[in-house]
Amino acid sequence: ERLLAPAQSLTGRRVAITAGPTREALDPVRFLSNHSSGKMGFALAAAAQRAGADVTLIAGPVSLATPPGVKRVDVIDARQMKEAAERAADLCDLFIGAAAVADFRPVEVAQQKIKKRGGSDTDSLALVKNPDIVAGIAGRRERRPFTVGFAAETEKVEEHARDKLKRKKLDLIIANDVSVPGGGFNSDRNAVTVIGADGATHLPSTLKSELADQLIEIIAARAFAR
Ligand code: CTP
Ligand code: CA
C-alpha cells in the first residue's frame, strides 16, 4: 500500500496501452501465441489512471480484471490489436506498447480442424509476418503520440533494446531481461531499464504495480515536462 497519493502527472492526458499476448488462429481449435500474462500492461494502465490519465487498454486474451476507471477494448489477434491501437492512437497523447504481439501468423486459417493425416512424422507451417503495431504509431507523421515500447530479451538486453528504439523510431523503450528469475513473463515482479536517446535508468526488481508507478512517472516527465 502506498503512503502517498501518486503525483497527478498525467492529468488531462489521454493514454493508450496494449497488453497481453495475441492469438493467431490456425484452424477452428488451434492458435499460435506466447506466455504473456498481460500483468505489466494492466499495471501500467492502472498506474496511468492513478496518475490522472484517461486510459484505453487494448487487451489480448488474458485473465485479468480491468483496472478501475480504465476503458478496455478486447482483441484476439495482431491485426485486430493494430486496428484498435491505431484508433486509440488517433486520440491519445501517449501510447505504450506493452503487448507481446505474435510476430507471425499462419498464412491460411483452415476452415475445418486440420487432420494429422497419414504418412510423414514431420510437418511444417507457412507463416507470414504480422504488422508492427508500435512501429506504425511511432512512425506517423501526423497525430503521433509520445510512443513507448518494450523489448523482451534473453541476451544482450541493452544492445537489442537500443536497436529497437532506433529501428521503430520510439521515444523510449523499456528493456526487460526475461531470462532472469523475477524478471519477466508471468511473474508478479519485474526489473527493467528505461532507455531513451539521452540515457538509461535502471529500475531494480519490485512488484509490477510499484514498478508501473515508477515507469509512469519517468515516462510522464520525459513526455510532458516543460
Ligand atoms: N510490437 C508490436 N507489434 C509487433 C511486434 C512487436 O507493436 N508485431 C511491439 C511490442 O509491443 C513491444 C515492441 O514492439 O513494445 C518490441 O517487441 P519485441 O517482441 O521485443 O520486438 P520485435 O520487434 O518483435 O523483435 P524480436 O521479437 O525479433 O526480438
Ligand atoms: Ca517479437
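This is a predicted model, so every value here is computed, not measured. Both ligands and their constituent atoms are indexed starting at 1 by order of listing.
Between Asn130 and ligand 1, no N or O atom pair is found at a separation short of 3.5 Å. Annotation: Phe150 places an N or O atom under 3.5 Å from an N or O atom of ligand 1; distance criterion only.
When non-hydrogen atoms are compared, ligand 1 lies under 4.0 Å from neither the backbone nor the side chain of His160. Under 4.0 Å from ligand 1, the heavy atoms of Asp103 that appear belong solely to its side chain. With a 4.0 Å cut-off on non-hydrogen atoms, Pro131 touches ligand 1 through its backbone and not its side chain.
Closest to atom 18 (P) of ligand 1 among all protein heavy atoms lies Lys164 NZ, 3.5 Å. What sits closest to atom 23 (O) of ligand 1 on the protein, heavy atoms only, is Lys168 NZ, 2.6 Å. Of all protein heavy atoms, the one lying nearest to atom 3 (N) of ligand 1 is Ile133 N, 3.0 Å.
Side-chain atoms of Leu211 and Val192, non-hydrogen and from C-beta on, do get closer than 4.5 Å to each other. No side-chain heavy atom of Thr147 sits less than 4.5 Å from a side-chain heavy atom of Leu172. With contacts defined as side-chain heavy-atom distances shorter than 4.5 Å, the pair Asp171/Arg222 does not qualify.
Between Asp54 and Arg13 there is no salt bridge, since no side-chain nitrogen of the basic residue lies less than 4.0 Å from a carboxylate oxygen of the acidic one. Between Lys39 and Asp188 a salt bridge is recorded (basic side-chain N to carboxylate O distance below 4.0 Å).
Taking every heavy atom of Ala99 and a limit of under 4.0 angstrom, the matching atoms of ligand 1 come to 10 (C), 11 (O). Within ligand 1, counting atoms from 1 as listed, the ones closer than 4.0 Å to a heavy atom of Val134 are 2 (C), 7 (O), 9 (C), 14 (O). Close contacts of ligand 1 with Gly149, meaning ligand atoms under 4.0 Å from a residue heavy atom, involve 15 (O). Close approach to Gly97 involves these atoms of ligand 1, each under 4.0 Å from a residue heavy atom: 11 (O), 12 (C), 15 (O).
One option in Thr18, Asn34, Asp132 has a heavy atom closer to atom 1 (N) of ligand 1 than any other, and that option is Asp132.
Ser33 and Glu24 form no side-chain donor-acceptor contact under 3.5 Å, judged by distance and modelled atom types alone.
Shortest non-hydrogen contact noted between Ala88 and Ile58 is CB-CD1, 3.9 Å.
Checking side-chain atoms of Asn130 against main-chain N and O of Ala102 turns up a donor-acceptor pair under 3.5 Å.
Residue contacts with ligand 1: Ala152 is included, with a non-hydrogen atom under 4.0 Å away.
Contacts classified as salt bridge (Lys or Arg N to Asp or Glu O under 4.0 Å) and involving residues 86-107 (residues at least two apart or in different chains) are given here: Lys82-Glu86, Glu83-Arg87, Glu86-Arg140, Asp90-Arg140.
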